[in-house]
Every structure is written in C-alpha cells, then in structure tokens.
There are 2 protein chains.
Amino acid sequence: MTLQPIEVRPSAVEACAGSLRDAVLRGDFVEGARLPPERQLAQTLGVNRVTVRGALSRLVVEGLLSVRQGSGYVVQDFLASGGPELLPALVGHADRQGASTLVKDLLEVRRGLAQVVLTRLAGRRVKKAELAAIERAISAMEACAAGPLRDVAEADFAVLSAVVAATGSAAFRLTLNPIGQVLLTLPGLAAAMYRAPLENVAAWRVLAGWLAAPVPEGIPLILSALAERDEATVQQLKRKS
Amino acid sequence: MTLQPIEVRPSAVEACAGSLRDAVLRGDFVEGARLPPERQLAQTLGVNRVTVRGALSRLVVEGLLSVRQGSGYVVQDFLASGGPELLPALVGHADRQGASTLVKDLLEVRRGLAQVVLTRLAGRRVKKAELAAIERAISAMEACAAGPLRDVAEADFAVLSAVVAATGSAAFRLTLNPIGQVLLTLPGLAAAMYRAPLENVAAWRVLAGWLAAPVPEGIPLILSALAERDEATVQQLKRKS
DNA sequence: TTGACAAATTGGTCGGACCACCATACCAAT
DNA sequence: ATTGGTATGGTGGTCCGACCAATTTGTCAA
C-alpha cells in the first residue's frame with residue numbers, strides 16, 4: 001500500500017469554468033468582444049444559470065473576463081490582467097516547445113523571488129523557531145522521498161515556504177504561494193524535477209546550513225545550484241513529453 | 001472640471017465577501033475550525049443563500065477557506081495558501097506600523113521581480129515594437145501627470161507592464177499583474193508615491209534609454225533609483241496616515 | 001468494542017421569478 | 001441636422017424554494 005490515488009469528480013461549475021476558460025484562451029471569442037448572455041451559455045452547456053454564473057465569476061476573478069450589470073461579459077487581455085493561476089491552462093494550450101518555455105520562465109521567477117528572500121535574510125539572525133521549522137520541513141521531505149511524487153513536490157514546496165516564512169514578510173509569502181500551487185498542478189513537472197529527491201534534500205540542507213550564518217557571499221552558490229536544478233528539470237521535461 | 005470621482009455601490013456578494021474576509025482575518029473563527037453553515041450565514045447576514053455562496057466561493061479561491069460537500073467550510077492558514085490579492089484586506093487590519101511594513105515588503109517584491117526582468121533583458125536586443133510600446137506608455141503617463149492620481153498610478157503600472165512584456169515571458173507578466181493591481185487598490189499609496197509624477201517619468205526615460213543598449217552594468221543604478229523611490233514612498237506613507 | 005445502518009447536517013445544483021442597470025431605437029424640441 | 005428625453009428590450013444581480021449528493025453523527029445489533 002504505497003499510495004491511493006483518489007479521483008474526485010470535478011464539480012459542475014469547475015467543469016464549466018474549465019470549458020469557458022479553454023474557449024477564451026483558445027481565442028474562440030475575440031478580445032474585447034462580448035460573451036453570449038448567461039442564459040444562453042447555460043442552455044448551450046446544458047446546465048443551470050447559477051452554475052455558469054459561478055464559472056463566469058471565477059473567470060472574472062482570474063482576469064479573463066470583466067463584467068458589468070446590464071452590459072455583459074467582455075473578454076480581457078489576460079496577459080495584462082491575469083494572475084499566475086492561469087499558467088496551467090496556458091500550458092495545456094501550448095505545444096511542447098511553448099509549454100517548456102512557460103515552465104522555464106516560471107522557475108526563473110521563482111528563483112528571482114528566492115534571490116530576494118536570500119538577500120533579505122543575509123546578515124540577519126534567523127530565529128531558532130523558524131530555523132527549526134525549516135529543518136522539520138526538510139526532514140519531512142526526506143521522509144517521503146520514496147513515496148509518491150506528489151507528496152515529494154508538496155514537501156519540497158513546504159521547505160521553500162518555510163524559508164520564505166523566515167523573512168517574516170507576508171507580502172513575500174503571498175506572492176510565492178500561487179507560484180508554488182501552480183508548479184504543483186503542472187502535469188509531469190514533479191516527475192521531471194524530483195528524479196532524485198534525496199539530492200534536493202541535500203541541497204536544502206546546504207541552504208539550512210547557510211542560514212545559520214547567512215553571509216551574502218554564500219548566496220550566488222545557492223542560486224546557481226537552484227538554476228542548475230531548474231535547467232535540468234526543463235531539459236528533462238522537453239525530452240519526456 | 002479636473003475629475004469626476006464616480007461612486008459605485010458594491011454588489012451584495014462583494015459586501016458579503018468583504019464582511020466574511022474581515023471576520024476571518026480578524027480571527028473571529030479559529031484556524032482549522034468550521035464556519036457556520038451557509039444557510040445560517042445567509043440568515044445572519046440578511047441575504048440569500050446564493051449570495052453568501054458567491055462570497056464564500058470567492059474566499060475559497062483566495063485561499064482563506066477550503067470546502068467539502070457535506071462537511072463545510074474550514075478556515076485555512078492564509079499565509080500558507082493565500083495570494084497577493086489578500087494584501088489590501090491585510091493592510092486594512094494592520095496598525096500604521098504594520099501597514100507600512102506590508103507595503104514596504106510588497107515594493108521589495110516588486111523590485112526583486114524588476115531585477116529579474118532587467119537581468120533577463122540585459123544583453124538581448126529588445127524588439128522595436130516593444131520599445132515603442134514602452135515609449136508610448138511613458139508618454140501616456142506624462143500626459144496625465146497633472147490629472148487624478150489614480151490615472152497616474154495606472155499609467156505608471158502600464159509602463160512597468162510594458163517593460164515586463166518586452167521579456168516575452170507570460171510567467172513574468174502573470175506574476176507581476178496581481179502585485180500591480182494590489183498596489184493600485186491600496187489607499188493613500190498613490191498619493192505617497194506620485195508626489196512628483198514627472199520625476200517618475202524621467203526615471204522611466206532613463207530605463208528606456210538603457211533598454212536601447214542594455215548592458216548589465218547599468219542595472220544596479222536603475223535598481224537603486226527604484227529602491228530610493230520606494231523608500232521615500234514608505235516614509236511618506238508613515239508620516240501621512 | 002466494533003461494525004453496519006439510519007437519520008440529520010451540509011454543500012451543490014436546479015428552476016423560476018423579479019429587480020437594477022444598460023444599450024438601442026425612436027421621438028420631440030431646438 | 002443636432003440635441004435631449006423617453007420607451008423598450010436585453011443583460012447581469014438577487015431572491016425564493018426545492019431537491020440531490022456527500023458527509024457526519026447517532027443508534028443499534030453482533
């Protein structure tokens with residue numbers, strides 16, 4: 001009994017949201033154009049109006065649509081108004097080349113944030129409690145290294161999250177969270193990134209060691225290690241799928 | 001006739017979402033605890049169940065709650081699962097000191113992303129079309145420098161957005177978008193940041209000039225200028241409110 | 001004590017109705 | 001011909017009541 005991959009049936013509004021999101025990203029509706037009215041969409045999708053309303057409001061939050069009472073839903077330029085949570089859908093619509101580029105760029109963003117975090121941490125004393133939390137997260141990752149990849153990925157993100165938490169900055173954490181969640185949902189990414197989970201654990205241990213005496217000179221080494229791992233991940237991703 | 005600040009009445013589900021969000025962030029519900037059922041919340045808030053459902057689903061997307069059919073809504077650790085769009089609400093619940101710290105950190109995140117973007121742009125040739133778009137955005141900002149602050153802030157963000165767009169990376173843009181939107185909604189921030197809009201325009205022009213021949217050596221100067229402006233903004237914010 | 005079963009609770013969906021806002025076309029006054 | 005008001009239909013926003021589906025809880029028998 002290694003694992004039990006439960007499968008959940010997505011809710012109706014989730015299905016509707018996915019369908020509509022795909023349609024928008026596919027370009028079925030011209031940007032700036034108006035979507036069909038809710039009632040018509042409901043009939044087309046064979047679902048109640050309340051359900052499509054839920055889906056549409058979701059897309060509005062995501063930045064794909066805007067809405068005004070009495071007027072209707074208009075397609076937005078999601079690159080100018082959307083959030084990172086759109087990336088999985090974008091990856092789904094891109095070819096192999098485009099998908100790997102998207103992932104590569106997202107990892108670059110993550111490294112950039114990591115650099116800011118490390119820079120901020122440099123020279124400061126990290127509280128013992130937070131250092132202990134990081135150690136705990138690393139150990140947890142080591143513990144599930146042989147288990148399902150999904151758990152490894154989550155544990156890996158938990159370590160990074162703990163490091164970011166050590167900055168004591170809510171803005172940092174809230175900015176990183178969506179990126180981590182996106183990385184978790186990208187299919188095949190975990191398989192490409194955690195081919196040898198224990199190496200990742202070792203890398204984290206290096207970072208934890210640095211945190212004990214965070215001198216700025218140590219940052220480039222850590223960052224280059226991250227870059228190496230990310231590069232290998234992208235290469236593996238290209239080769240695989 | 002300088003401007004006409006229209007006022008819109010927020011929708012019912014927005015109001016409900018705000019009320020519930022405040023309650024959660026204020027700690028009225030213990031983390032991990034279950035919220036009252038939808039029907040009860042509807043009665044308490046004096047609104048239909050459909051309406052509170054909309055508000056609750058919104059909070060789920062924001063990472064404040066999780067939900068399971070038959071079980072209920074449970075409060076999440078938003079620092080571990082929330083997105084940057086929570087920051088305005090957080091600022092509203094913080095004291096003066098905490099609020100300015102939140103803003104300062106968010107600006108630090110933005111500078112970090114700017115650094116990554118500039119690093120990526122360095123050494124590459126920026127396409128003429130994108131350079132022109134940046135110039136256009138700067139001119140648009142200059143044009144509305146004397147107008148309402150809200151427009152200045154939007155134009156300023158549009159410039160940064162154009163610069164990021166020059167990277168050709170969707171991940172970069174989608175990561176930055178929420179941060180920009182948050183900065184736009186923070187009350188009083190525009191007043192603190194754009195006390196002399198023309199200076200900001202001049203700074204952008206410097207950046208645009210660098211983009212014509214993006215040598216890595218020019219990056220620190222631009223970044224330090226940004227840091228200076230952000231620092232001044234935070235100081236002004238502390239002093240003011 | 002344990003396991004299965006039944007009832008109550010709770011979120012998810014449905015159908016229809018009405019209200020508020022908006023877009024358009026039309027008409028009257030200038 | 002232009003302007004301003006008005007009427008009509010369309011569209012999103014909210015409400016009501018009902019039922020379905022998943023979960024939790026309580027109960028009882030083995």
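Values in this document were obtained by computation on a predicted structure and should not be read as measured data. Chain letters run A, B, ... following the sequence lines, proteins first and then strands; every chain starts at 1.
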[X] [atom1] to [N] [atom2]: how many Å, rounded?
X     : N      : atom1 : atom2 : value
B:Q69 : D:dC20 : CD    : P     : 13 Å
B:N48 : C:dG15 : CG    : P     : 17 Å
B:Y73 : D:dA22 : OH    : P     : 16 Å
A:E38 : D:dT11 : CD    : P     : 10 Å
A:R58 : C:dG12 : CZ    : P     : 13 Å
A:L59 : D:dG12 : CG    : P     : 14 Å
A:R53 : D:dT11 : CZ    : P     : 14 Å
A:L56 : D:dT14 : CG    : P     : 14 Å

- [ ] Select base, sugar-phosphate, or nothing to describe what A:V67 touches, counting heavy atoms under 4.0 Å on all strands.
- [x] sugar-phosphate
Open item on the list: Using a 4.0 Å heavy-atom cut-off, does B:R68 contact any base of the nucleic acid, only the sugar-phosphate backbone, or nothing at all?
Closed with: sugar-phosphate
Task: Residue whose nearest DNA chain D nucleotide is more 5′ - B:E14 or A:R34 - done: A:R34
TODO: Would you name the heavy atoms of B:V74 and B:G32 that are closest together and state the gap between them?
DONE: CB-O, 4.3 Å
- [ ] Only one of A:E14, A:E62, A:E85 passes salt bridge (Lys or Arg N to Asp or Glu O under 4.0 Å) with A:R21; say which it is.
- [x] A:E62
- [ ] Give a yes/no answer on whether the side chain of A:T51 brings an N or O atom under 4.0 Å of OP1 or OP2 in C:dC14.
- [x] yes
TODO: State which residue, out of A:C16, A:S19, A:P36, fulfils the side-chain contact (heavy atoms from CB on, under 4.5 Å) condition with A:L41.
DONE: A:P36
- [ ] Please tell me which of A:R39 and B:S71 maps to the more 5' nucleotide of DNA chain C, matching each residue to the nucleotide holding its nearest heavy atom.
- [x] B:S71
- [ ] Please evaluate the base of D:dG13 for a donor-acceptor partner in the side chain of A:R49 within a cut-off of under 3.5 Å?
- [x] yes
TODO: Working to the nearest 0.5 Å, report the span between CD1 of A:I134 and OG of A:S161.
DONE: 10.5 Å
TODO: Might you confirm whether atom CD of B:E31 has over 12 heavy atoms from other residues, nucleotides or ligands at distances under 6.0 Å?
DONE: yes
